[in-house]
Amino acid sequence: MKWSSLFLHSHKEDPREAEVISHKLMLRGAMIKRLASGIYSWLPYGLKALRKVENIIREEMDQAGAQEVLMPAVQPAEIWKESGRWEFYGKELLRFTDRKGGEFAMGPTHEEVITTIVRDEVRSYRDLPINLYQIQTKFRDEIRPRFGVMRSREFIMKDAYSFDTDEEGAAKSYDAMRRAYERIFSRCGLRFKAVEAESGPIGGSYSHEFMVLASTGEDVILSCPSCSYAANLEKAEIAAPAEPAFRQAPAGSPEKVRTPDVRTIEEVCGFLGVTPQELVKTLIYDTGKGVVAALVRGDHEVNEAKLKRAVGCESLELADEAAIEKHTGAPRGFAGPVNLPVQIVADYGLLDAGPYVTGANEEDHHLTNVWLSRDAKVDQVADIRNAGKGDLCPRCGQAPLDDIRGIEVGHIFKLGTKYSNAMNAAFLDEGGEQRPIIMGCYGIGVGRVLAAAIEQYADENGMVLPVSLAPYPVVVLPVNVGEEEVMGAASKIYEELTARGVDALLDDRDARPGVKFMDADLIGAPYRVTVGMRGLKEGVVEIKERATGTVEKIRVDEAVDYCMAKTKEAGSDY
RNA sequence: CGGGGCGUAGCGCAGUCUGGCUAGCGCACCUGCCUUGGGAGCAGGGGGUCGGAGGUUCAAAUCCUCUCGCCCCGACCA
């Protein structure tokens with residue numbers, strides 16, 4: 001491709017809408033353009049990079065035995081009602097009606113569709129296992145899209161679904177995907193880590209996320225420095241104490257103090273002169289089937305997924321003001337466990353300490369000198385808070401966890417029979433008995449992989465793309481297109497590279513060299529061949545490696561071989 | 001959904017408080033000259049429903065009302 005005819009208008013200034021580096025650079029490098037909040041067009045340069053990611057994914061998925069399909073983006077409500085998710089998925093599911101009043105949704109994921117396909121086509125154990133995948137546009141109506149294509153509403157995703165006859169087979173499918181993902185992300189040149197994860201509204205029992213390590217990542221990962229444990233903050237467990245008991249309380253009783261308009265942990269601490277560690281935070285949750293009070297230490301945070309599991313309920317949300325008043329007898333900010341007539345679940349973090357300050361279940365009052373063993377009726381003690389940096393590793397128990405940030409680029413789930421049961425996807429086994437198919441699902445955010453790669457490697461001059469993702473691994477840059485000798489040498493190198501299968505870009509624009517250098521840096525081309533009179537006089541061109549900045553003088557007739565070797569070497573980096 | 005900010009040329013912004021010339025600057029774009037190893041210079045030029053609607057006024061980018069959109073923080077969510 002010649003730059004003069006490439007639809008790539010770079011921007012010198014950072015766009016105002018962008019916050020993180022990858023978003024800024026993708027806009028400046030004309031990879032994407034925003035149409036509406038969280039909705040982007042892919043421009044030629046970006047699309048070419050996106051296709052590189054897709055192709056790596058395709059090759060590895062095919063290699064792993066999966067077969068590509070393409071399902072509809074628009075899905076009828078009917079199948080979502082069948083799986084039960086029409087009710088559960090919430091507002092993120094973009095719903096609309098057609099002209100006849102039929103209900104539809106833009107697919108945020110495709111478990112329902114794939115299950116209807118497989119249940120109709122698969123009858124026998126002989127048809128299994130299978131793994132079907134697609135690369136397709138999804139829509140999730142995110143509350144707050146941000147960071148460009150990193151968290152957009154419309155986005156391209158690779159999603160795969162495996163179907164097995166038994167748990168053993170499902171585990172094999174899961175492992176095959178896990179290995180495929182490792183190859184995919186390695187080939188994309190990413191530094192990443194697979195971590196244990198929550199499965200969220202997709203469901204299922206067991207899941208891993210693939211995290212690209214980057215300080216601007218939205219997710220927090222806790223990992224153990226002395227063993228292989230690593231988990232999303234949302235999932236990270238806290239080791240159960242050896243003896244889950246509250247500290248023995250001395251005789252006495254709580255004391256009520258007046259705390260007018262003092263509600264938050266911070267306010268209580270300031271007002272009473274105590275630390276958050278001495279407080280019990282009492283949160284009232286509505287499970288749909290009743291109310292439960294969750295107790296955590298003042299400096300801890302409730303983890304709703306853990307709480308759900310502890311309580312054994314399907315849904316959970318913070319109770320509203322009216323429900324809080326009804327159950328605690330006081331407005332928000334004054335709830336406490338003493339004489340609270342609801343189910344109470346306390347976190348491990350509250351064990352073996354005291355006394356505490358709690359709400360008094362009375363407006364403008366708190367209690368001090370509260371001992372949970374003596375003054376409260378706790379129904380259950382469990383791990384219901386978020387783990388954090390410094391908590392002991394739940395696996396080896398040898399070291400405190402570290403926290404690092406990551407960008408989730410892939411997520412694999414063991415679904416079990418959640419969808420096959422709900423939607424009646426079954427097969428006949430060897431004994432002629434009907435059994436539900438065991439499923440797994442496996443997602444990769446394609447655009448997010450590209451954004452994450454840019455995020456991970458960018459420097460102050462722009463993108464630094466790995467060869468495997470770079471639309472043009474080599475930019476041939478004639479310093480002055482007016483000099484016949486320069487242009488001739490550059491064209492020759494460019495044509496030879498192209499003929500030998502390298503996607504080269506010839507910067508044939510009649511612009512000043514500085515402009516072209518800056519642009520080559522901005523778009524992150526891994527190798528730049530600079531052709532100028534200065535070098536030609538010595539019979540050389542200069543080849544600069546974007547990632548390291550190193551420049552080598554190479555004889556003109558060896559330039560093509562040099563680029564071939566460099567790009568091949570980097571391209572097979574897995 | 002709560003809090004904050006912003007909509008003026010493709011991009012980045014000034015002008016709005018205190019209404020008044022033909023709506024301005026930088027980048028980008030077009031023409032010419034000149035220049036060519038890290039975002040040159042000179043001259044000329046094109047491009048605007050000042051987010052939209054309504055109102056006040058002799059006069060509105062500017063004041064008032066309504067409305068739409070975007071960004072950030074939070075809550076929420078894979």
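Sequence lines set the chain letters: A, B, ... in the order given, protein chains first and strands last, and positions in each chain run from 1. Computed from a predicted structure; not experimentally measured.
- Looking at A:D347 and A:R297, no side-chain N of the basic residue comes within less than 4.0 Å of a carboxylate O on the acidic one, giving no salt bridge.
- Residue A:N232 is classed as a base contact, given a heavy-atom separation below 4.0 Å to a base.
- Side-chain nitrogen and oxygen atoms of A:R144 include none within less than 4.0 Å of the OP1 or OP2 phosphate oxygen of B:rC1.
- Atom-to-atom, CZ of A:R146 to C1' of B:rG74 comes out at 9 Å; the value is rounded to the nearest Å.
- Across all strands shown, A:R528 has heavy atoms under 4.0 Å from base atoms, whether or not it also approaches the sugar-phosphate.
- Remark: side-chain polar atoms of A:D383 are paired, donor with acceptor, to backbone N or O of A:I238 under 3.5 angstrom.
- Taking 4.0 angstrom as the limit, A:S37 places a side-chain polar atom (N or O) nearer than this to OP1 or OP2 of B:rC71.
- Listed nucleotides B:rG12, B:rG39, B:rC77 differ in distance to A:D519; the shortest reach to its side chain belongs to B:rG39.
- Listed candidates were B:rC77, B:rC11, B:rA40. Nearest to the side chain of A:H11 is B:rC11.
- Atom CG of A:L522 is separated from atom C1' of B:rC27 by 14 Å (rounded to the nearest Å).
- Remark: the backbone N or O of A:A180 is not paired with any side-chain donor or acceptor of A:E60 at under 3.5 angstrom.
- Going from atom CZ of A:F139 over to atom P of B:rC77 covers 18 Å, rounded to whole Å.
- Under the Watson-Crick and G-U wobble criteria, each requiring two contacts below 3.5 Å, nucleotide B:rG48 is left unpaired.
- Under the 6.0 Å cut-off for aromatic ring centres, A:F210 and A:H208 do not qualify, their centroids lying 6.0 Å or more apart.
- A:D219 comes within contact range of at least one nucleobase, with a heavy-atom separation under 4.0 Å.
- Taking side-chain N and O atoms only, A:R534 has no distance below 4.0 Å to OP1 or OP2 of B:rG37.
- Comparing B:rA60 with B:rC50, their C1' atoms sit 11 Å apart, to the nearest whole Å.
- Between the side chain of A:K516 and the base of B:rG37 there is no donor-acceptor pair of N/O atoms closer than 3.5 Å.
- Base-pair partner of B:rC1: B:rG74 (Watson-Crick or G-U wobble, both distances under 3.5 Å).
- Atom P of nucleotide B:rG38 and atom CZ of A:R546 are separated by 17 Å, given to the nearest angstrom.
- Taking the P atoms as reference points, B:rG51 lies 24 Å from B:rG46, given to the whole Å.
- Of all nucleotides listed (B:rG12, B:rU36, B:rG37), B:rG37 comes nearest to the side chain of A:F517.
- Base engagement by A:G535 is indicated by at least one non-hydrogen atom pair under 4.0 Å involving a base atom.
- Here B:rU36 presents its P atom at 20 Å from CG of A:D508, a figure rounded to the nearest Å.
- Checking B:rC27 for Watson-Crick or G-U wobble geometry (two distances, each under 3.5 Å) identifies B:rG10 as its partner.
- For A:A36, the listed nucleotide lying nearest its side chain is B:rC70; candidates were B:rC70, B:rC76, B:rG39.
- The CD1-P distance, from A:I32 to B:rC11, rounds to 14 Å in whole Å.
- Closest to the side chain of A:I143, out of B:rA75, B:rG38, B:rA28, is B:rA75.
- Across every strand in view, B:rA59 sits unpaired, with no contact that passes the Watson-Crick or G-U test at under 3.5 angstrom.
- A:N480 contributes no side-chain N or O that forms a donor-acceptor pair with the base of B:rG37 under 3.5 Å.
- The backbone N or O of A:F104 lies less than 3.5 Å from no partner atom in the side chain of A:R95, so there is not a single donor-acceptor pair.
- If you check every strand for non-hydrogen atoms under 4.0 Å, A:E92 touches sugar and phosphate atoms only.
- Distance CD (A:E142) to P (B:rC71): 13 Å, rounded to an integer number of Å.
- Nucleotide B:rA40 forms a pair with no other nucleotide shown, judged by Watson-Crick or G-U wobble geometry with both contacts under 3.5 Å.
- The two atoms that bring A:S491 and A:L506 nearest to each other are OG-CD2, 4.3 Å, heavy atoms only.
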Go through the steps for A:E54 and A:K158 under the test salt bridge (Lys or Arg N to Asp or Glu O under 4.0 Å), then give the verdict.
CA-CA 8 Å; A:E54 287 181 1; A:K158 186 285 303 178; over 6 Å; no
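- Side-chain contact between A:V268 and A:L279 is present, with at least one heavy-atom pair separated by less than 4.5 Å.
- A:E17 has its CD atom 15 Å from the P atom of B:rG7, to the nearest Å.
- Of all nucleotides listed (B:rA40, B:rG12, B:rG39), B:rG12 comes nearest to the side chain of A:E13.
- For B:rC13, one of the phosphate oxygens OP1 or OP2 lies less than 4.0 angstrom from a side-chain nitrogen or oxygen of A:R16.
- Taking atom C1' on both nucleotides, B:rG12 is separated from B:rC1 by 32 Å, rounded to a whole Å.
- Judged by distance alone, with hydrogens and angles left aside, A:R34 brings no side-chain donor or acceptor close enough to the base of B:rG10 to form a pair under 3.5 Å.
- Here, B:rU18 and B:rG74 have their P atoms 35 Å apart, quoted to the whole Å.
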